[in-house]
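All ligand and atom numbering here is 1-based and tracks the order in the structure. Sequential numbering from 1 along the given sequence is applied to the chain's residues.
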Amino acid sequence: MARGILCLGLVLLGALQAPAQDSLISPIPVPHLISIPLQRDFQEDQFQGKWYVVGIAGNSINATRRARFKMYTTTYELNDDHSYNVTSTMIRNDTCDHWIRTFVPNDQPGQFTLGDIESHVGVQNYTVRVMMTNYNQFAMMFFKKVHDNYEFFKISLYGRTKELSADMKDYFARFAKSLGLTDDHIIFPVPIDECIDDK
Ligand SMILES: *[C@@H]1O[C@H](CO)[C@@H](O)[C@H](O)[C@H]1NC(C)=O
Ligand SMILES: *[C@@H]1O[C@H](CO)[C@@H](O)[C@H](O)[C@H]1NC(C)=O
Ligand SMILES: *[C@@H]1O[C@H](CO)[C@@H](O)[C@H](O)[C@H]1NC(C)=O
Ligand SMILES: *[C@@H]1O[C@H](CO)[C@@H](O)[C@H](O)[C@H]1NC(C)=O
C-alpha cells in the first residue's frame, strides 16, 4: 500500500515537472549537439555562395500549413574575420524580401552562432552547424535556437541547384526522423524562378 502511494507520488511529481505548455503542444525535444554530425575539415571559402533551400524540417514546422511553401535561397559571403554575411531571399506577398544576418564562428570549424545576437529580439541562444557538405552540390545544416525560453531546432537541405536527387531527399527525411520529427514536420519547398534567381 505504502509503496503504491509512493509510486503515485512520483508519477504526480513527474507530471508537475512537465513543462506547462505540454497541454497545448508537445514540442519534440532539441537533440544534444553531441548527436549532431559536424563536417570534418570544414572549408569556409568553398562553402560560400548561393544555396537553394531544398528541404526544411523542424519541431516548429507544420508541413500541412506550409504545403505550398516556396523555395528560398541563402547566400553566404565570407568576411575577413571568418564570419559570414548570410542573406536569405524569399518571395513574400509578391515582393522579394531579403533577410540579412551574420554567422560568427563558435567552438569549432563549421559551427556558428548569430552575430549581434542582442539585436534579434527574444533570441537567447543560436547555434548553426554544417553537418555535411561536398560544397558543390549539397549541404545539410542544423540550427538550434532558444527564443523566449522555447527551444527550437531545424535542419535544412541545401542544394547548389533547385533539384537534388531523390536519394538525397530521402536521406534528409530519414535523418529528420532519426531526430524525432515526422513527415508532418518535413517540407520540400516548391521550386520557383521569381526573386530567388535575381542577382
Ligand atoms: C498544422 O496546420 C494545420 C492547418 O493549419 C492544423 O489543422 C494542424 O492542427 C496543425 N498541426 C500542428 C501539429 O500544429
Ligand atoms: C558584410 O556586411 C557588412 C555590413 O553590411 C559589409 O560592410 C561587408 O562588406 C559585408 N561583407 C561581404 C563579404 O560582403
Ligand atoms: C500581405 O499583404 C496583405 C494585403 O496587402 C497584408 O494584409 C498582409 O499583412 C501582408 N503580409 C505580410 C506577411 O506582409
Ligand atoms: C548557448 O549554447 C552554447 C552551445 O550549446 C552554450 O555553450 C552556451 O552556454 C549557451 N548560452 C546560453 C546563454 O544559454
Side-chain angles (χ1 to χ4, degrees), residues 18-31 42-53 55-93 96-106 109-123 126-128 130 133 135-136 139 141 143-156 158 160 172-190 195-199:
Q21 69 271 19
D22 255 18
S23 52
L24 300 173
I25 43 164
S26 64
I28 293 154
V30 176
F42 178 70
Q43 301 296 315
E44 58 179 16
D45 50 338
Q46 292 185 47
F47 189 75
Q48 290 190 92
K50 177 155 105 178
W51 291 99
Y52 293 96
V53 180
I56 343 171
N59 66 347
S60 68
I61 285 172
N62 180 330
T64 308
R65 198 167 55 221
R66 300 218 206 154
R68 303 295 303 159
F69 189 72
K70 291 185 176 138
M71 188 170 279
Y72 64 99
T73 58
T74 300
T75 299
Y76 290 73
E77 293 169 292
L78 193 61
N79 289 304
D80 291 341
D81 67 358
H82 305 283
S83 66
Y84 286 113
N85 289 0
V86 181
T87 306
S88 292
T89 299
M90 60 185 70
I91 195 153
R92 263 203 296 221
N93 253 3
C96 198
D97 272 358
H98 301 279
W99 177 44
I100 304 169
R101 66 276 192 205
T102 310
F103 287 175
V104 179
N106 168 247
Q111 185 171 310
F112 303 87
T113 188
L114 259 187
D116 194 18
I117 198 164
E118 307 77 26
S119 68
H120 298 264
V121 177
V123 178
Y126 194 96
T127 306
V128 185
V130 181
T133 184
Y135 304 100
N136 58 11
M141 308 289 292
F143 299 85
K144 167 190 134 150
K145 176 170 84 166
V146 183
H147 190 280
D148 289 336
N149 297 324
Y150 283 88
E151 284 199 309
F152 300 97
F153 76 97
K154 181 177 88 171
I155 59 173
S156 298
Y158 285 176
R160 289 297 190 188
F172 174 75
R174 280 202 308 275
F175 189 83
K177 289 174 188 174
S178 78
L179 300 179
L181 300 169
T182 68
D183 284 320
D184 289 339
H185 301 101
I186 304 170
I187 301 177
F188 293 105
V190 181
C195 173
I196 64 173
D197 284 336
D198 302 348
K199 184 61 194 105

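Taking OG1 of Thr102 as the reference point, atom NE2 of His120 lies at 7.0 Å (rounded to 0.5 Å). Note that CZ of Phe112 is 7.5 Å distant from CD of Glu44, once rounded to the nearest 0.5 Å.
Between the side chain of Arg160 and the backbone N or O of Lys50 there is at least one donor-acceptor pair closer than 3.5 Å. Counting only distance, with no hydrogens or angles, the side chain of Thr113 and the backbone of Tyr126 share a donor-acceptor pair below 3.5 Å.
In terms of protein heavy-atom proximity, atom 3 (C) of ligand 2 is nearest to Asn85 ND2, 3.5 Å. The shortest contact between atom 11 (N) of ligand 2 and any protein heavy atom is with Asn79 OD1, 2.7 Å.
Within 4.0 Å of atom 7 (O) of ligand 2, not a single protein heavy atom is present. Protein non-hydrogen atoms do reach within 4.0 Å of atom 14 (O) of ligand 2.
Close approach of ligand 2 to Leu78 (heavy-atom distance below 4.0 Å) involves ligand atoms 13 (C).
The shell of residues lying under 4.0 angstrom from ligand 2, judged by heavy atoms, excludes Ile100.
Tyr52 and Asp197 share a donor-acceptor pair across their side chains, judged by distance under 3.5 Å alone.
Below 3.5 Å of separation, one finds an N or O of Asn62 facing an N or O of ligand 1.
By the 30° and 60° cut-offs, the orientation of the rings of Trp51 relative to Phe47 is tilted.
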